[in-house]
Structure formats: C-alpha cells, structure tokens
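What follows is one structure encoded as structure tokens, with my remarks underneath.
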Amino acid sequence: MRGRMGDRGRSSMQRPTSNLRARVFPNHWSLLFGQIAFYSFVVILLSGVVLMLDYEPSAEHVVYDGPYGPLRGTEMSRALDSTLAITFETRGGLLIRQLHHWATLIMVAAILLHLLQLFFTGGFRRPRRLNWLVVFGLLVITLGAALTGTSLPDDMASGTSLAVLDGVLQATPFVGSSLSSLLFGGEFPGDVISRFYPLHIAVLPAALVVLFLALRRKTDQTVGGRAATIAVIKRAGLFCFVVGVSLVMAATATINPVWLYGPADPADTSAGVGPAWYLAFLDGSLRLAPGWEVVWWERTISFAVLLPVAICTLFLALVAVYPFIEERLTGDREEHHLLERPRANPIRTGIGVAGIVFYGVLWAAAGADTIAVQFHLSFNTLLRVFQILLILGPPAALHITRRICLGLQQQDTEIATHGIETGRIVRRPDGGYVEDHRPPTRQLMPR
C-alpha cells in the first residue's frame, strides 16, 4: 500500500515537469521571437511588482523635498514624488525602473518581428489564422500597456503625450468631448492616473497572460526523450540571455529620466522629447497630414487630425485581417503545415515590404524636426519629401520586391536544372570550354 502511494506521489510530482519537457517550440532562430516576447513579459511582471511596492497612484499635490536638488520645493503629484523616491532613495530603484522600461521595448520589438516572420513565411495560413490574430492582439494590448505605463509617473513628457491624445479625441466629430471626458474623468487633465493604474497593473497584464497561453497552445510541438530535454535547456538559456541583455541595458543606458522633465502641467509642454519609437508612426502621420478644415453643421472638422487617425486605424485593421483577405482573393483554403520562403510568393512579399515602407516613412517623419536640424535642411521641404514618399514609396517597393522575388525564383530554377556554378572552366574533348557545375544539395540551396 505504501509503495503504491509513493509511486503515485512521485508520478504526480513529475507530471508538471514531464509536461514541460514534452512541449517545445520550434528551434530555428527566426521562430524564437515569440519566446523572447514572453520572457520579456516575465521580466516586466517581476520588475513591475517591485515598483508597485513604493509607487503611489495619486494625483494629490505635494511639495517635493527629496534628495534631487533642482526639483526641491516644486509642487507635484504624489505619483511623480513616489517615482522620484524610487529613483533616488530606493536601493536599486533606478535599475528596476529602467529594467521595466527596456524590457517593454524589447517585448514590443519581438512581437513586431514575430508578426513579420509569420507574414513573410505564410505562417498565418490555415490552420493558423487565429494564431495571427492572437499575435496581433498581443501587439495592440502591449502598446496599450506601454502607453498607460508611461503616463503613470505624471512627468512633463507623459503629460505632453496625454495632451496630444486629448487633442486627437477632441477633434473627433460630435463625440470628441464625451470621449475625452470619459478617458480623463472630466476636463483634461482630470485624474487619469486613477484610471490608467488598474488597467496597467491588472486588466492589460491579465489579457496578455491569456493571449500568451493561447499562443503557446497553438505553437508548441509535442516531442519526448533527449530532444525535449535539450529544448528545455535551450529555452532556459534564452530566458537567461533575455534577462541578462535587459539588465545590461538598464544598467548602462538611461531611459525616461523623469527628473529632467519635472512635473506635468497642462499649460506647458516639453521640448525635444518625442514619442516612444513604437508610437512614432502615429506622431509622423499627424505631421504629414494636410491642414484641411471644413465646417459642417456649425462644427469645425479638422482633417489634420481625423485623416491620420483614420489612415493609421485602417492600416492596423488591414494588418489584422490580411490572412482572411488573402484567402478570399486567392481561394486557397487548404491547410499548410510548412512555412514558405518569401520569394515563393512575390505578391505577398511585395505587399509586406510596401507596408514596411509605409510604416517607415511615418516613423521617420516623427523625427523630421531633428533631421532638419542635424542636416541643416528646411523642415517644410523635408515634410514635403516625406509626403511624396508616403504616396509613391509603397507601390514602388511592391514592384521592386516582386521583381527581385521573380529573379530569385529564376535563379533557383537554374540551380535546380543545371547545378551550382563552381567557377572552374573545363575544356571539352572537342576543344570547347564550359563551366563546371556541381549538383545542388540541401545545405547549399539558397534560403
């Protein structure tokens, strides 16, 4: 009886470990971005729990009397006061703050790269269309979590970002004022901290956990034996690598120095501070929009705000539903369990590069003022160039990429037919000369 209970106990203890060892991710480097995003999320959760211990989510005004001299005697919210206390008074507080911020940037970058990998290899086709929506949902919720998180310190930089957000909401016809009042709890700036804080620490992280679990269930492969053990070791090593890189960046590169900006003030704005890189395309779209206005029903409607918001929203919506659009247009409803090389589908690859160019032009336009100053260019001329690139760049990228893919396909066909060129010239018995070719192998075939 005791032996049976002992065996049963050991088996129940070993079951979680065996389940972990039996489920592994694919091993190719291009398929590791999802893991990197998850491991960064773990770092974000752990560092966020530490920051919660000393942070005060309150807009109540106090007078700063901490160790940072330039701000001593300045009136600010308890949120910024506690953030400064974490930075200058809590042991390791600045390191944890910067670790939290850098891990967020790594997570956003990893999700974007994972989306690109899925797109260019056709990893979104049946039966993995929902996988694409899950990854896109991860991106959107992560951006929301990053936006709410950067607003919590209540410094001048975050206050300026919220002022821009309020302006966008106010420009929405008919319902703009109501949307702004709903978000800020009244007239701007309201008490946005009390609204963003629960979203940032509870609602959005819970949604991310659910999506990561769904993504893991859809992408894991079941194996066993020595291969599973090696895979678990590699995953542990990758986790340690992500943590190490995040710590090195947090310890050596300053990010979001709130003490330099001071407290948020609706009457003031920060200079020389731009949006986070992952939201820069939104700021770039606002810069490139023409200043058109119309009066409709005794209301002034500004297309300078509505047009970029509509275009960016449409762009993100097209990204989300692209798998369904491609399936509808091509009529391909077969299940695909192997990834495709980008050159095998020139149209899709061209569309992907066109989307990257569209995003890249908007992203670069967000720094047009800095580019103009650094290279002594006219700011208005630079904006005009970006507007032209935004219109002509994507179709040109689509055409050029398609031609490159077709050329690569032709090269693959020649290699498969004639072999790989060796550069060695051989004389034939009849006196002629030919180049020697060797048959292609799996290792030598171009990817």
Side-chain angles (χ1 to χ4, degrees), residues 37 40-41 43-45 47-48 51-52 55 57 59 77 79-80 83 97-98 100-112 115 135-172 176 179-185 188-209 211 255-258 261 264 266 269-270 273-287 305 308-309 312-313 315-317 319-320 359 362-363 366:
S40 301
F41 179 58
V43 175
I44 293 169
L45 286 181
S47 57
L51 293 175
M52 285 173 54
Y55 175 75
S77 65
L80 180 58
T83 302
R97 277 194 60 240
Q98 299 196 151
H100 191 73
H101 205 125
W102 278 118
T104 301
L105 300 186
I106 293 175
M107 180 178 173
V108 175
I111 295 175
L112 285 172
L115 273 175
V135 178
F136 183 81
L138 282 173
L139 176 63
V140 173
I141 295 177
T142 301
L143 293 179
L147 176 63
T148 55
T150 54
S151 303
L152 293 182
D154 198 31
D155 62 306
M156 181 63 71
S158 63
T160 302
S161 299
L162 291 177
V164 173
L165 177 60
D166 177 62
V168 172
L169 294 177
Q170 292 282 4
T172 305
L179 290 176
S180 176
S181 178
L182 178 64
L183 179 63
F184 296 104
F188 178 80
D191 188 10
V192 70
I193 296 177
S194 63
R195 294 174 176 268
F196 278 11
Y197 186 68
L199 287 174
H200 184 71
I201 69 168
V203 178
L204 297 178
L208 288 174
V209 169
L211 291 179
I255 190 169
N256 196 24
V258 296
Y261 308 139
T269 184
S270 58
V273 178
W277 66 266
Y278 46 83
L279 296 176
F281 77 103
L282 298 174
D283 185 69
S285 65
L286 291 172
R287 293 175 183 239
V305 177
V309 171
C312 291
T313 302
F315 174 72
L316 294 177
V319 171
Y359 175 88
L362 293 180
W363 184 83

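Keep in mind the model is a prediction, meaning the values are calculated, not measured.
- Put simply, the side chain of Arg97 never gets that close to the backbone of Leu51: no donor and acceptor are under 3.5 Å apart.
- For the pair Val192 and Leu183, the tightest heavy-atom approach, listed with the atom from each and the gap, is CG2-O, 4.5 Å.
- Interatomic distance, CD1 of Ile193 versus OG1 of Thr148, reported as 12.0 Å (0.5 Å rounding).
- Here the options are Ile44, Thr150, Ile106, the test is side chain to side chain contact (heavy atoms under 4.5 Å, CB included), and the partner is His101; only Thr150 passes.
- Put simply, CG on Leu105 and OG on Ser40 are 10.0 Å apart, with the number rounded to the nearest 0.5 Å.
- Tyr261 and Met156 make their closest contact through O-CB, 3.3 Å (heavy atoms, listed as atom of the first residue, atom of the second, distance).
- Here OH of Tyr359 is found 6.0 Å from CZ of Phe281. Values are rounded to the nearest 0.5 Å.
- Of all heavy-atom pairs between Gly159 and Ala264, the closest is CA-CB, 4.0 Å.
- Remark: Leu208 CG to Leu204 CG distance equals 7.0 Å, nearest 0.5 Å.
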Asp283 vs Trp363, side chain to side chain contact (heavy atoms under 4.5 Å, CB included): CA-CA, chis, key distance, verdict: CA-CA 8 Å; Asp283 185 69; Trp363 184 83; over 6 Å; no
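- Note on ring orientation: taking the six-membered ring where Trp is involved, the planes of His100 and His200 are perpendicular (angle over 60°, cut-offs 30° and 60°).
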I'd like to know whether Thr142 forms a side chain to side chain contact (heavy atoms under 4.5 Å, CB included) with Tyr278, so could you lay out the CA-CA distance, the side-chain angles of the two residues, the decisive distance to 0.1 Å, and finally the verdict. CA-CA 10 Å; Thr142 301; Tyr278 46 83; over 6 Å; no
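- The two residues Phe184 and Arg195 have their closest heavy-atom pair at C-NE, 3.9 Å.
- How far OG of Ser180 is from CG of Asp166: 3.5 Å, rounded to the nearest 0.5 Å.
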Criterion side chain to side chain contact (heavy atoms under 4.5 Å, CB included) on Val43 and Trp102, from CA distance to verdict: CA-CA 10 Å; Val43 175; Trp102 278 118; over 6 Å; no
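- Counting heavy atoms from C-beta on, the side chains of Leu282 and Leu279 come closer than 4.5 Å.
- Closest of all the heavy-atom pairs between Tyr55 and Pro153 is OH-N, 4.4 Å.
- Only one option out of Leu143, Val108, Leu211 pairs with Leu138 in a side chain to side chain contact (heavy atoms under 4.5 Å, CB included); it is Leu211.
- Nearest heavy-atom pair, Ala366 versus Ala280, reported as atom, atom and distance to 0.1 Å: CB-O, 3.2 Å.
- Looking at Phe41 and Val209, their side chains come closer than 4.5 Å, going by heavy atoms from C-beta outward.
- Atom CG of residue Leu147 and atom CG of residue Leu165 lie 6.5 Å apart, to the nearest 0.5 angstrom.
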